[in-house]
Amino acid sequence: MAVNGKVGLNDANRASIPLPVLRGPTPILGPRGCFMFASTVQYRDSERPARDDTFHNERDEYVMWGFSAHRAKFGSADLDRLGGEELKAAVLGLMQDWQPSAKRLVQAADASTVSAFAVKTSVPIPPWQTRNVTLLGDALHNMTPFRGIGANTALRDAAALRSALVMVDRGERDLVAALAEYERDMIDYGFGAVRTSLADMERFHADRPLSRALTKAAFRAADWIPPLKTALLGGR
Ligand SMILES: Cc1cc2nc3c(=O)[nH]c(=O)nc-3n(C[C@H](O)[C@H](O)[C@H](O)COP(=O)(O)OP(=O)(O)OC[C@H]3O[C@@H](n4cnc5c(N)ncnc54)[C@H](O)[C@@H]3O)c2cc1C
């Protein structure tokens, strides 16, 4: 299960946000199989309000966080039915021995932005008989969000499908043949992305201290050694 929330970013609270989160997307491997991800959305040209924790329009700056753990960790709480404040309390209940600055992100979240969802992953399917209707993005290869590549993969599909359709429009390819080639490639890299996203989910929520220590060590090393980072991110 994942619980997400947003904290409005302004001059008054900027200093209380952990520095790595202000710098970019930050994964936090917590104890006992709990994981948190936080990132800021900031605009270079925005006019920031001096103090305002709410969201009025799409240009408001904010920190988004996502906390995730196996459903059983949340006990008997039915997260799908809880409101924002109750969800924050459920998350904070699992963060008792976390860094205060990470807990503050949850405490400060605007309750109206907090929601929970069950993390899902699609199951690879073999190629099908191509017709003049095709698929792209989450409609086929929905994946866990732990590698952050679902939308990127959907955009890759869109670019590949566009190239195929341009060739058809120029009379260089037959429609069904062009779509068949698009689908063959897309199924291959799309479900590759599903598999790596699932593996990341398992790695980030490993309960055993040794697995967790190894993952932490790999991420720390990747921060220092750029080629290792490239390898860890699969060339991304
Ligand atoms: C918490 C979270 C974090 C994520 N983080 C990242 C990230 O950092 N990087 C990344 O690359 N990806 C990320 N993703 C994944 C990304 O959001 C999805 O992979 C992406 O949105 C898929 O795009 P899509 O166009 O295929 O589908 P969608 O974004 O789901 O778009 C489908 C659209 O179709 C509409 N629709 C549905 N049915 C109908 C209908 N019958 N008629 C008309 N319209 C309809 C829907 O309302 C929706 O707007 C994240 C996902 C989650 C849940």
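Just so you know, ligand 1 is whichever comes first in the structure, and atom 1 is the first atom listed for that ligand.
Smallest separation of non-hydrogen atoms from A2 and V119: CB-CG2, 3.9 Å.
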Please lay out, stage by stage, how Y62 and D110 fare under the test side chain to side chain donor-acceptor pair (under 3.5 Å). CA-CA 10 Å; Y62 60 89; D110 177 340; over 6 Å; no
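Classified by interplanar angle (parallel below 30°, tilted 30° to 60°, perpendicular above 60°), the ring pair H205/F146 is perpendicular.
Not one N or O on the side chain of N13 forms a donor-acceptor pair closer than 3.5 Å with the backbone of S16. A donor-acceptor contact shorter than 3.5 Å is absent between the side chain of T121 and the backbone of L198.
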Do any nitrogen or oxygen atoms of ligand 1 lie under 3.5 Å from a protein nitrogen or oxygen, and which ones?
{"from": "ligand 1", "atom 1": "9 (N)", "to": "G148", "atom 2": "O", "distance (Å)": "2.8"}
{"from": "ligand 1", "atom 1": "11 (O)", "to": "G148", "atom 2": "O", "distance (Å)": "3.1"}
{"from": "ligand 1", "atom 1": "11 (O)", "to": "G150", "atom 2": "N", "distance (Å)": "3.4"}
{"from": "ligand 1", "atom 1": "11 (O)", "to": "A151", "atom 2": "N", "distance (Å)": "2.9"}
{"from": "ligand 1", "atom 1": "11 (O)", "to": "N152", "atom 2": "N", "distance (Å)": "2.9"}
{"from": "ligand 1", "atom 1": "11 (O)", "to": "N152", "atom 2": "ND2", "distance (Å)": "2.7"}
{"from": "ligand 1", "atom 1": "12 (N)", "to": "G150", "atom 2": "N", "distance (Å)": "3.3"}
{"from": "ligand 1", "atom 1": "12 (N)", "to": "A151", "atom 2": "N", "distance (Å)": "2.9"}
{"from": "ligand 1", "atom 1": "19 (O)", "to": "D138", "atom 2": "OD1", "distance (Å)": "2.8"}
{"from": "ligand 1", "atom 1": "19 (O)", "to": "D138", "atom 2": "OD2", "distance (Å)": "3.4"}
{"from": "ligand 1", "atom 1": "19 (O)", "to": "G150", "atom 2": "O", "distance (Å)": "3.4"}
{"from": "ligand 1", "atom 1": "19 (O)", "to": "A151", "atom 2": "N", "distance (Å)": "3.2"}
{"from": "ligand 1", "atom 1": "26 (O)", "to": "D138", "atom 2": "N", "distance (Å)": "2.8"}

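Within the model, atoms NZ of K88 and CG of L82 stand 13.5 Å from one another, a figure rounded to the nearest 0.5 Å.
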